[in-house]
Amino acid sequence: MSNNYYNKSKKGLFISFEGGEGVGKSTQIELLKTSLTKKKINVLSTREPGGTKEGELIRKFLVSGEINSWDTYSESLLFNALRREHINKIINPSLFKGDIVLCDRFIDSTIVYQGVGGAINQTLLLSLHKNFCYDLYPDITFFLSLDPKVGLDRTLSRNNKTENRFENMGLLYHQKIQDGFKALSDKNNKRFFEINAELSVEKISNQIYDHVISIIKSND
Ligand code: TMP
């Protein structure tokens with residue numbers, strides 16, 4: 001299936017949110033969704049791992065259990081499988097309708113967690129993305145940048161204590177994740193918009209909203 005077919009025919013705007021643990025992505029997605037909906041813009045919010053019924057089932061296996069329950073290659077294949085379902089069933093149909101899609105994590109998480117954290121060759125991961133996931137990239141990626149120690153402390157106060165397989169990988173691993181996102185963001189600075197996640201929720205949401213509105217206006 002041609003990648004170009006997917007990219008050329010989409011009318012909507014695809015926005016992803018990335019960063020390490022506890023950076024506040026889901027709060028920001030909810031706030032942006034509310035603000036855009038008030039402006040009568042059609043918005044769909046979704047997440048990875050997850051996004052579809054099947055993807056949510058795979059999520060359970062990936063985010064719970066022992067840290068070494070999956071080999072990193074198997075893990076990468078599972079992320080690609082759930083992403084392909086997600087693109088086919090949710091993301092592309094919404095983009096074709098012209099909606100704004102807000103996605104909590106996408107390909108960049110695989111590049112950083114499985115690539116940088118798990119030491120899988122980046123060329124291999126990019127090739128999986130090209131062959132299985134239509135080489136689809138977000139139009140905008142918000143990188144919420146935070147000291148991993150602060151982020152991990154924040155996740156400790158969460159209610160959900162079963163979804164902690166990645167959190168349990170330790171500070172050294174999470175420092176690699178933060179550094180990996182920072183490097184990826186610097187390298188792709190047209191698509192990425194880096195935000196200091198230590199700022200107040202309101203300041204962060206204002207920066208995100210202003211950037212999205214400026215992109216919408218420049219696309220009109
Ligand atoms: P979440 O806590 O942001 O919902 O994400 C669940 C975990 O999944 C998080 O620790 C990062 C991990 N993850 C990967 O390792 N690779 C991926 O491609 C994605 C989408 C998530």
Side-chain angles (χ1 to χ4, degrees), residues 13-38 43-51 59 62-63 67 79 83 100-118 137-216:
L13 195 63
F14 184 23
I15 305 175
S16 66
F17 291 73
E18 297 280 5
E21 312 301 316
V23 298
K25 294 177 281 87
S26 43
T27 305
Q28 292 302 330
I29 289 172
E30 274 314 303
L31 289 170
L32 181 61
K33 186 176 180 179
T34 305
S35 311
L36 294 175
T37 306
K38 273 190 195 146
V43 184
L44 174 109
S45 62
T46 184
R47 69 170 180 180
E48 288 192 0
R59 176 185 175 96
L62 284 166
V63 300
I67 55 172
F79 279 113
R83 185 161 299 133
I100 293 195
V101 175
L102 309 180
C103 193
D104 190 337
R105 301 195 182 281
F106 195 66
I107 173 63
D108 302 302
S109 277
T110 305
I111 299 299
V112 172
Y113 280 84
Q114 281 63 54
V116 181
Y137 285 86
D139 300 296
I140 311 169
T141 297
F142 288 106
F143 162 41
L144 299 179
S145 176
L146 186 65
D147 177 344
K149 214 175 154 332
V150 178
L152 287 172
D153 282 349
R154 284 186 189 172
T155 63
L156 288 178
S157 54
R158 275 186 197 158
N159 294 328
N160 194 339
K161 299 282 182 236
T162 56
E163 291 205 342
N164 53 10
R165 185 173 154 253
F166 285 93
E167 275 94 334
N168 288 342
M169 292 196 184
L171 188 57
L172 210 64
Y173 175 87
H174 287 286
Q175 188 60 56
K176 273 197 205 167
I177 299 303
Q178 164 63 18
D179 296 345
F181 275 122
K182 172 76 181 139
L184 199 61
S185 168
D186 289 346
K187 193 170 158 209
N188 299 279
N189 59 5
K190 285 213 174 77
R191 170 164 68 88
F192 275 82
F193 187 97
E194 180 179 341
I195 293 176
N196 175 1
E198 288 204 60
L199 294 174
S200 69
V201 168
E202 196 193 353
K203 277 195 178 133
I204 296 174
S205 72
N206 286 342
Q207 283 188 33
I208 291 176
Y209 180 76
D210 290 348
H211 189 62
V212 171
I213 293 296
S214 77
I215 299 281
I216 293 174

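What's counted below: heavy atoms across the whole structure, side chains too, no hydrogens, waters or symmetry copies.
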Revision key, fill the gap. Nearest heavy-atom approach of D108 to S16 is OD2-OG, 4.4 Å
Check your understanding: Between F142 and I204, is a side-chain contact (heavy atoms from CB on, under 4.5 Å) present by the stated rule, with each step listed?
Key -> CA-CA 10 Å; F142 288 106; I204 296 174; over 6 Å; no
Exercise for review: Search all heavy atoms of L146 against all heavy atoms of G22 and return the closest pair with its distance.
Suggested key: CD2-O, 3.7 Å
Point to revise | E163 and R59, any side-chain heavy atoms less than 4.5 Å apart | key: yes
Exercise for review: Only counting residues at least two apart or in another chain, list the ones meeting salt bridge (charged side-chain N to carboxylate O under 4.0 Å, His left out) with R154.
Suggested key: none
Point to revise | Note, T46 side chain near C103 side chain (heavy atom, < 4.5 Å) | key: yes
Practice item. Identify the two heavy atoms, one from L152 and one from E167, that lie closest to each other, and give their separation to 0.1 Å. Key: CD2-O, 4.0 Å
Exercise for review: Report yes or no: does R191 contribute a side-chain atom to a donor-acceptor pair with the main-chain N or O of T141 at less than 3.5 Å?
Suggested key: no
Check your understanding: L13 versus I215: any side-chain heavy-atom pair under 4.5 Å?
Key -> yes
Check your understanding: Hey, does the side chain of R105 reach the backbone of E18 with a donor-acceptor pair shorter than 3.5 angstrom?
Key -> no
Check your understanding: Taking L31 as the fixed residue, which of T27, I29, T34 is the one that meets the side-chain contact (heavy atoms from CB on, under 4.5 Å) rule?
Key -> T27
Review point. What residue pairs, at least two apart or across chains, pass side chain to side chain donor-acceptor pair (under 3.5 Å) with a residue in residues 192-210?
Key: K182-E194
Exercise for review: Would you please classify the geometry between the F192 ring and the F143 ring as parallel, tilted or perpendicular, with 30° and 60° separating the classes?
Suggested key: perpendicular
Point to revise | Contact check, side chains of K149 and L171, non-hydrogen atoms, under 4.5 Å | key: yes
Review point. Quick one: does S45's side chain get under 4.5 Å of D104's, heavy atoms only?
Key: no
**Study point:** Within 6.0 Å of CG in L172, more than 12 heavy atoms from elsewhere
**Key:** no
Point to revise | Check: F17 and L32 side chains under 4.5 Å, non-hydrogen atoms | key: yes
Point to revise | Check: F106 and F14 side chains under 4.5 Å, non-hydrogen atoms | key: yes
Practice item. Indicate the atoms forming the closest heavy-atom contact of F166 with H174, along with that distance. Key: O-NE2, 2.7 Å
Exercise for review: Grab the two heavy atoms, one from G118 and one from Y173, that are nearest each other, plus how far apart they are.
Suggested key: N-CE1, 4.5 Å
Check your understanding: Are V201 and Q28 side-chain neighbours, meaning at least one heavy-atom pair lies under 4.5 Å?
Key -> yes
